[in-house]
Each structure stands twice: as C-alpha cells, then as structure tokens.
Amino acid sequence: MADNFIVRGTPYNKGRVLRALLDAGMKQVGDPKQCHSVAVDGRAPKFDAGMKQVGDPKQCHSVAVDGRAPKFDGGIVTRVDAVPFGIVVNQDAARFYDEGEDFWPKRYAIWGRLVAQQPGQIGYVIIDSKPVGKFMPTVFPPIAADSIRELALLLGLDADALEATVARFNQAVRPGTFDPGALDGCGTEGLDPPKTHWAVRIDRPPFYAYSLRPGITFTYLGVAVDEDARVLLASGRKTDNVYAAGEIMAGNILGQGYIAGFGMTIGTVFGRIAGRKAAAHAAH
C-alpha cells in the first residue's frame, strides 16, 4: 500500500535508529503491523510481547499533496490546502469524506490516509473561482477549465459522473454566511457524505482542480518514554542514558489525530527536557 506514497522529507530517513532501538530491547509504542507498514514499506518489524501500544494503529501524519509532487523532499509547498473550499472526489468522480468537518489545522493531516484508501490512491479537489486566494497556493498551478465537463476530461475522469457529483453537491448546499475563519455552518442537506461547513456552490467559472496523493510525514510508531524523556526498556525499567524527543517518541503523545504544529511542539518541549536530563547525567 505504501509503494505509492510520496515522502515529504528526506529519502535517507529509513527508520534505522528506531529499528536499532527496538532490536536493543526498548519498549515500543504503536502497532508495527499496521501503522509502520502502511506508512513506510509494508514490512512489519519484530517486537516484544510485553510492548506498550497506544492509540489507533492506522494513525500517522499523512497529508494530501499535489499528485505532481516529487517522490522525496517536496516539503510543505506541495501540500494542497484547497480541500475545505471545494469537494474531493476519487477516480470514480465520487465524494468520500466530509471536506468541511472541522478547521483545516485540525484535519489536514488525515487527508493523506483518506486518499490512500481510494482506488489508485489518488483524489481530486474541485473548486471554482470564488475561493482562489483564500488558501496557501502550492508550487504547482491548478488545472483550469471553463466547465466541469472540460475539467473532468483534463483530469481523466468520467465527465458525466463528475458533472452529476457537482450537481448533487450544489443542490444540497443550504444558504448561510460563508466565513473561512469560523465553523460557519454553511453545510449540505441530504448529501452523503455531508459537507458540514464552508459548503458553497461550485458554479462560477473558471473551475480548478488539484490531483491529490498521500504524502507521508511520519508514523506514530516509536519508543516509549517517561515524563523526563527517558526511554523505557521492554521490561518497563528506565534506561540509564538514552533519551528521545520528537517524532521517534510521537506515539506517546499522538494516539489519534494531529493538530498543526504538534510535531514541532514535541520536538521542542521534549528536546529541551531530554537535553537537560542528558546533560545532568553526563555531569555526574
């Protein structure tokens, strides 16, 4: 499943340090059979029977990136933030999730996993001209057309199916006061899946689209730590001189979901703790 994933960062981070720590008997958080294999390479690593597991094993930080992004090192400029302002369809031109479920900083990191579950692991976000300028642009310009039918042909989608999907969405939109900075309640009625907020008819040409691919940032598989950032052994005993911060211990904090900036936060907070504790240990 992970063969088609786009790695947002370096191609050289292959989890070797984590592998070495687990092989050395450190306690593990997360489920390697699902979280690790889905997000990395499909091969489940060894683990001890007494390991600690937290959260949903399918969780990881995986965003929707532009389908034209490079395999590695695309970074933040390939992330597509247009999702809340339009609809997202799969290869069958069918919607599959609520694009307006919650604020984007609380939901953007689920879209890579959602796209990964679709046929061909690809999706397409469709907007019209109204929200242009309301979201962070990507390094790639959107695909543009004067009609939904023309846009479908450019995307390689069934034109009748995409026109029908957009028409059903437009008919389901209920009037409200659109506000991208609030949970505005501009939703749909009688549509499955619904769009809970920021639902506005897609009816003003030109129309735009971005292709979407799963862009993996990190998994929640890691080593267990205590409140001092000290790594725990599989037996539960604390190590004498091993400390961890950031994504290698993310599973201790991130059992499910993700909020923007959380990765930097656990790196900063636990990095400071780990640095102080390691320095104190070295001074003895």
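When reading the values below, keep in mind they use all heavy atoms of this one structure, side chains included, and skip hydrogens, waters and symmetry mates.
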> What's the verdict on side-chain contact (heavy atoms from CB on, under 4.5 Å) for M26 and L232, showing C-alpha distance, side-chain angles and the deciding distance?
Replying inline: CA-CA 6 Å; M26 306 302 161; L232 305 179; over 6 Å; no
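- A distance-only check finds no donor-acceptor pair linking the side chain of T196 to the backbone of E101 [under 3.5 Å].
- Remark: A164 pairs with R168 by the side-chain contact (heavy atoms from CB on, under 4.5 Å) rule, at least two apart or across chains.
- With sequence neighbours excluded, no residue forms a ring pair (Phe, Tyr, Trp, His ring centres under 6.0 Å) with Y243.
- Residues satisfying the salt bridge (Lys or Arg N to Asp or Glu O under 4.0 Å) test with R272, not counting sequence neighbours, are none.
- Hydrophobic cluster of Y12: no remaining members, since no ILVMFWY side chain lies below 4.5 Å from it.
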> What's the verdict on salt bridge (charged side-chain N to carboxylate O under 4.0 Å, His left out) for R149 and E163, showing C-alpha distance, side-chain angles and the deciding distance?
Replying inline: CA-CA 6 Å; R149 174 166 289 272; E163 282 188 325; 3.0 Å; yes
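- Evaluation of the salt bridge (Lys or Arg N to Asp or Glu O under 4.0 Å) rule for R174 yields E189 as partners, not counting sequence neighbours.
- For R8 and T217, the side-chain atoms include at least one donor-acceptor pair closer than 3.5 Å.
- Within the 3.5 Å criterion, the main-chain N or O of V115 finds no donor-acceptor partner in the side chain of R213.
- A search for side-chain contact (heavy atoms from CB on, under 4.5 Å) contacts involving V200 returns K130, F178, not counting sequence neighbours.
- Partners of M264 by side-chain contact (heavy atoms from CB on, under 4.5 Å), not counting sequence neighbours: none found.
- Alongside I122, the hydrophobic cluster contains I87, V89, Y124, I126, I143, I148, L151, L154, L155, L157, L162, V166, F169, V173, L191, I202, F207 (criterion: ILVMFWY side chains under 4.5 Å).
- Under the rule for a salt bridge (Lys or Arg N to Asp or Glu O under 4.0 Å), R230 has no partner lying at least two apart in sequence or in another chain.
- Every side-chain contact (heavy atoms from CB on, under 4.5 Å) that P84 has, sequence neighbours left out, goes to W104, W198.
- Listed by first and then second residue, the salt bridge (Lys or Arg N to Asp or Glu O under 4.0 Å) pairs involving residues 68-80 are D66-R68, R79-D81 (not counting sequence neighbours).
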Indicate every side-chain donor-acceptor pair of residues 277-284 with a distance under 3.5 Å to a residue at least two apart or in another chain.
{"residue": "H281", "atom": "ND1", "partner": "D240", "partner atom": "O", "Å": "3.3"}
{"residue": "H284", "atom": "ND1", "partner": "A280", "partner atom": "O", "Å": "2.6"}

